[in-house]
Visitor: 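Pasting in a structure now, in structure tokens, and then I'll have a few things to ask.
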Amino acid sequence: MTMRPTIPLALLLAGSLASAPLLAADKPACQYVQMAKVPLHYTGLSLGITMDGTINGTPAVMLADTGFSDTYLTRTGTEKRGLKLYPTPDRIEGVGGESTVYTARVDGFAAGPAKSSKGWLKVVGDTGSPPWFEAAVGAPFLLQTDMELSVPEKEIRFYKPIGCENAWLAYWDRNAVVIPFERNVMGSRPVNPPFTIEINGQKLEAIIDSGADRTAIDSRAAQRIGIRLDGLDVHRYGSSVGVGERQIDRWSTKVASFKIGDETIRDAEIDIMDTRGRVPVDVLIGDDFLRSHRVLFAMGQKKIYLSYTGGDVFGKREPIEPWVRKEADEGNPDAQMVLALTYRSGKGVPKDPQLAAAWLAKAAAQGHPQATLLEGRELVQAGRYLDAIARIRPALEKLPAERYGALWLYLARLRTGERENGARELQTTFARSEDHAWPAPIADYYLGRIDAQALLAAAGKNEERAKAQACQATRWIAAMEAALAGGPEPAAAPEACEPNKP
């Protein structure tokens with residue numbers, strides 16, 4: 001049986017309790033007891049909303065994801081702890097397609113205040129790229145009781161309503177927007193409640209998805225209400241990944257009105273996602289909305305209360321948004337890394353190598369693994385191989401699912417005459433994976449298991465990624481040939497073909 005962590009009420013109630021100060025008009029019989037409050041953080045290169053937890057007694061970064069259907073471990077979490085994965089016949093569907101579901105036995109799991117002992121947890125197999133979080137805490141955990149999600153205050157609060165069936169529960173705001181659940185969702189397990197919104201006057205079904213960085217409408221729903229993907233106000237800006245291997249095409253568009261309850265946002269800029277019908281609702285309301293709102297899921301009443309707290313509802317959509325810069329200035333190493341990559345790439349801002357290096361150094365000084373890895377990769381290209389190894393090795397210890405970094409480490413080992421040591425490290429890294437997905441064929445080529453022709457053939461097997469993978473294969477081949485010959489590093493670095501890599 002899969003272990004599903006729950007909030008142990010007796011444990012939480014043993015701590016200090018606080019009743020929310022209900023407004024005077026409420027019946028005194030209603031007691032709205034705050035059971036726990038959990039700090040939130042912005043984490044990863046997407047600066048997702050996370051909470052602290054532990055797996056087997058060691059600290060773990062956990063995505064607080066109301067859009068997820070269960071609580072799952074990721075490969076980052078299992079590989080970091082050497083947990084063995086056992087395949088199951090189950091599949092999980094997400095925006096990127098389907099993923100194999102594994103299980104792993106854990107000795108303990110805690111998310112926020114909730115703890116579970118030994119048992120089995122589900123593991124998501126495919127996520128498009130190595131996830132930066134170690135577990136995703138989904139709706140069945142977060143919404144098993146009333147939950148207030150206050151991203152502006154960086155807190156989640158859990159409440160136990162006693163005699164509050166008809167009470168006004170938005171204790172902080174008598175004028176809060178009230179939204180009824182669209183469907184009866186109070187079955188045996190709590191799920192994220194869908195509700196109706198309006199975009200340009202057209203009714204659509206939506207959920208609040210704290211695991212989505214931006215609010216997005218499904219491409220089919222967009223076209224249904226008259227938003228054409230080839231329209232003048234629609235701009236394609238890239239792709240994203242999630243559960244499943246497929247990258248999702250994304251566009252941005254400006255809609256005349258976005259109405260949620262009694263709140264209307266004019267000239268709202270939102271995303272369009274090509275999910276191919278894999279999302280069960282039309283619209284995912286994401287973190288860009290949550291940063292300017294306080295939201296209470298009143299599960300007992302089957303309502304959502306929300307209040308606007310200030311700021312741009314869907315963000316400024318700038319290359320560097322003000323809240324990201326604020327996080328960086330306050331010392332968040334993930335936000336510092338985001339600034340480093342933005343100034344490095346020049347995407348939407350003038351390229352500034354010096355500013356990029358300064359932010360990268362700040363993140364690396366705090367032990368940020370991606371920053372340290374990027375410094376190591378740059379040292380390889382600069383010919384400083386011993387220094388590169390000293391950076392890449394500790395970074396990979398924190399990023400056990402990072403396959404490309406292992407390839408860079410191998411190249412550095414070749415340059416320092418440590419081919420045998422490098423081969424052992426590379427084999428160990430790729431042996432952790434239960435599948436043989438890309439870039440595993442590159443590792444096979446480096447380890448002498450296949451030749452260059454077989455590598456190029458493997459690169460073309462995935463139709464959606466064939467062009468990028470062929471580019472990668474060619475450049476990784478050139479990098480190894482240069483290392484074996486003792487020549488200079490190739491001018492065209494392999495990461496130029498990796499759109500999701502720094």
Side-chain angles (χ1 to χ4, degrees), residues 46 65-69 92-99 128 138-139 143 177 179-185 191-293 295 297 302 304 306 312-315 317 464:
S46 62
D65 191 350
T66 57
F68 231 37
S69 61
I92 179 175
E93 193 170 81
V95 295
E98 289 189 342
S99 167
L143 301 178
V177 173
I179 306 168
F181 295 178
E182 184 67 20
R183 303 190 220 125
N184 181 7
V185 297
V191 297
N192 195 338
F195 51 88
T196 298
I197 65 168
E198 292 183 15
I199 294 180
N200 293 345
Q202 302 290 315
K203 291 185 177 180
L204 297 167
E205 196 172 60
I207 61 171
I208 291 175
D209 183 358
S210 58
D213 60 341
R214 293 193 184 278
T215 297
I217 180 174
D218 181 75
S219 57
R220 297 183 184 186
Q223 294 178 76
R224 192 170 73 240
I225 65 171
I227 300 175
R228 295 172 53 91
L229 297 182
D230 59 356
L232 295 177
D233 291 331
V234 176
H235 308 283
R236 191 178 187 280
Y237 72 84
S239 60
S240 61
V241 294
V243 171
E245 292 187 351
R246 190 172 68 89
Q247 294 188 1
I248 308 302
D249 291 332
R250 295 186 80 118
W251 299 261
S252 66
T253 188
K254 186 172 285 188
V255 297
S257 64
F258 186 105
K259 185 178 181 183
I260 177 168
D262 294 330
E263 179 180 350
T264 301
I265 302 100
R266 302 289 181 186
D267 297 324
E269 190 170 347
I270 63 172
D271 282 7
I272 302 173
M273 273 196 315
D274 179 19
T275 70
R276 301 186 183 180
R278 289 191 171 93
V279 174
V281 293
D282 300 317
V283 180
L284 302 178
I285 299 177
D287 297 346
D288 52 351
F289 179 89
L290 293 173
R291 274 189 287 275
S292 61
H293 287 83
V295 179
F297 292 82
K302 300 181 184 179
I304 291 176
L306 65 87
D312 292 312
V313 173
F314 294 111
R317 301 291 169 128
E464 291 187 0

Visitor: Using side-chain contact (heavy atoms from CB on, under 4.5 Å) as the criterion, list what pairs up with Asp287, not counting sequence neighbours.
Guide: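 Per chain and number, Asp287 pairs via side-chain contact (heavy atoms from CB on, under 4.5 Å) with Ile49, Ser210, Leu290, Arg291.
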Visitor: Return the set of residues passing ring pair (Phe, Tyr, Trp, His ring centres under 6.0 Å) with Phe297 (not counting sequence neighbours), or none when no residue passes.
Guide: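 Ring pair (Phe, Tyr, Trp, His ring centres under 6.0 Å) check on Phe297 returns nothing, list empty.
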Visitor: Classify the ring geometry of Phe258 against Phe314: parallel below 30°, tilted from 30° to 60°, perpendicular beyond 60°.
Guide: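 The rings of Phe258 and Phe314 stand perpendicular, inter-plane angle above 60°.
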Visitor: With a 4.5 Å heavy-atom cut-off, do Ile304 and Phe181 have their side chains touching?
Guide: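 They are in side-chain contact.
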Visitor: How close do Ile207 and Phe195 get, counting heavy atoms only, and between which atoms?
Guide: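 Heavy atoms of Ile207 and Phe195 come nearest at CA-CE2, 4.1 Å.
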Visitor: Which residues pass the side-chain hydrogen bond (donor to acceptor under 3.5 Å, both in side chains) test with Arg266, sequence neighbours left out?
Guide: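 Partners of Arg266 by the side-chain hydrogen bond (donor to acceptor under 3.5 Å, both in side chains) criterion come out as none, since no residue qualifies.
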Visitor: Going by the rule side-chain hydrogen bond (donor to acceptor under 3.5 Å, both in side chains), which residues pair with Ser252 if we only count those two or more places apart in sequence or in a different chain?
Guide: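 Listed in chain order: nothing, the list is empty.
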Visitor: Which atom names give the shortest non-hydrogen contact between Pro194 and Val281, and what distance separates them?
Guide: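 Nearest pair, atom of Pro194 first, then Val281: CB-CG1, 4.2 Å.
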Visitor: Determine the minimum heavy-atom distance between Asp65 and Gly67, stating which atoms define it.
Guide: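 Shortest heavy-atom separation between Asp65 and Gly67 comes out as OD1-N, 2.9 Å.
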Visitor: Tell me every residue that passes salt bridge (charged side-chain N to carboxylate O under 4.0 Å, His left out) with Asp209, counting only those two or more places apart in sequence or in another chain.
Guide: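 With neighbours one apart ignored, the set is empty.
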Visitor: Which distance, rounded to the nearest 0.5 Å, do you find between the CG of Asp271 and the CG of Asp218?
Guide: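 That separation rounds to 12.5 Å.
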Visitor: Could I get the full list of side-chain contact (heavy atoms from CB on, under 4.5 Å) partners for Asp213, not counting sequence neighbours?
Guide: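 Per chain and number, Asp213 pairs via side-chain contact (heavy atoms from CB on, under 4.5 Å) with Arg250.
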Visitor: I'd like to check Ile199 versus Ile270 (side-chain heavy atoms, cut-off strictly below 4.5 Å). Are they in contact?
Guide: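 When only atoms from C-beta onward are counted, Ile270 and Ile199 do touch, with a gap below 4.5 Å.
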Visitor: Using the test side-chain hydrogen bond (donor to acceptor under 3.5 Å, both in side chains), find all partners of Arg214 that sit at least two apart in sequence or belong to another chain.
Guide: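 Scan of Arg214 (side-chain hydrogen bond (donor to acceptor under 3.5 Å, both in side chains), adjacent residues dropped) gives Glu321.
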Visitor: Which pairs, with at least one residue in residues 253-264 and sequence neighbours excluded, count as a side chain to side chain donor-acceptor pair (under 3.5 Å)?
Guide: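 Sorted pair list: Glu263-His293.
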Visitor: If I take atom CD1 from residue Ile197 and atom CD1 from residue Ile217, how far apart are they, to the nearest 0.5 angstrom?
Guide: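 Here the rounded value is 7.5 Å.
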Visitor: To the nearest 0.5 Å, what is the distance between CD1 on Ile285 and CG on Leu306?
Guide: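 Those atoms lie 8.5 Å apart.
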Visitor: Among residues at least two apart in sequence or on other chains, which ones pass side-chain hydrogen bond (donor to acceptor under 3.5 Å, both in side chains) with Asp267?
Guide: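 None.
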Visitor: Got a donor-acceptor contact below 3.5 angstrom from the Asp274 side chain to the Ser219 backbone?
Guide: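 No.
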Visitor: State, yes or no, whether a side-chain contact exists between Val234 and Arg228 at a heavy-atom distance under 4.5 Å.
Guide: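 No, their side chains stay 4.5 Å or more apart.
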Visitor: Are any non-hydrogen side-chain atoms of Ile260 and Ile179 less than 4.5 angstrom apart?
Guide: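 Yes - at least one pair of side-chain heavy atoms lies under 4.5 Å apart.
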Visitor: Would you find a donor on one side and an acceptor on the other, under 3.5 Å apart, between the side chain of Asn200 and the backbone of Val255?
Guide: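 Absent.
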Visitor: Mind checking side-chain contact (heavy atoms from CB on, under 4.5 Å) for Arg224 and listing every partner two or more places apart, or none if nothing turns up?
Guide: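 Here the qualifying residues are Leu204, Ala221, Asp282.
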Visitor: With a 4.5 Å heavy-atom cut-off, do Pro193 and Leu143 have their side chains touching?
Guide: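 A side-chain contact under 4.5 Å exists here.
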Visitor: Please enumerate all residues that pass side-chain contact (heavy atoms from CB on, under 4.5 Å) together with Lys203, with sequence neighbours excluded.
Guide: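 By the side-chain contact (heavy atoms from CB on, under 4.5 Å) rule, Lys203 matches Thr196, Glu198.
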